[in-house]
Amino acid sequence: MAKKKAKKPASSPSGSESTHQALILPPDREKWVTLDVKLVNWNFMDFKIRIRTTTPLFFLHKKLKERHGRMNDLKLYKRTVNEDNLMVDEFKTFEDYGVPGGPKNSAP
């Protein structure tokens, strides 16, 4: 019986060069912010939370309710308690309200 010859691997059309290209991922473009949440009349319930600037405002409402229970007439203000800083639309994002952000690993 004759011995079978081992098959040689097919060579690439261009010789030993690879046709694969390196995958270059774009940098993380998401912006993050650390919110310092302070309740006006209860200082002992203040807390901080790190979220994306593209997060809608209702997410913070949800977190407050999870943390502190049911709250009536909850109003959220940007920076100071002033009618000009009132954030009313729960479907707007923090970015829509002008809250600046930065890379996830940056300092708050």
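- Put simply, NZ on K31 and CD on E95 are 6.5 Å apart, with the number rounded to the nearest 0.5 Å.
- Across L86 and Y77, no two heavy atoms sit closer than the pair CD1-CE2, 3.6 Å.
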Any chance you could lay out the side-chain contact (heavy atoms from CB on, under 4.5 Å) test for M71 and L39, step after step, and finish with the verdict? CA-CA 11 Å; M71 298 179 160; L39 279 71; 4.0 Å; yes

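- Here the straight-line distance linking atom NE2 of H61 with atom CE of M87 works out to 8.0 Å at 0.5 Å rounding.
- Atoms CD1 and OG1, from I51 and T34 in turn, are 9.0 Å apart once rounded to the nearest 0.5 Å.
- Of all non-hydrogen atoms in P56 and F91, the two that sit nearest each other are CB-O, 4.3 Å.
- Considering CG of L60 and OG1 of T55, their distance stands at 9.5 Å, rounded to 0.5 Å.
- With sequence neighbours excluded, the residues satisfying side chain to side chain contact (heavy atoms under 4.5 Å, CB included) with K92 are D89, D96, Y97.
- Distance check, rounded to the nearest 0.5 Å: NZ of K48 to NZ of K38 gives 8.0 Å.
- Scanning all heavy atoms of the two residues, the minimum distance from T53 to T93 falls at O-CB, 3.5 Å.
- Note on F58: it does not cluster hydrophobically with F94, by side-chain heavy-atom contacts below 4.5 Å among ILVMFWY residues.
- Partners of R52 according to the salt bridge (charged side-chain N to carboxylate O under 4.0 Å, His left out) rule, which considers only residues two or more places apart in sequence or in another chain, are E30.
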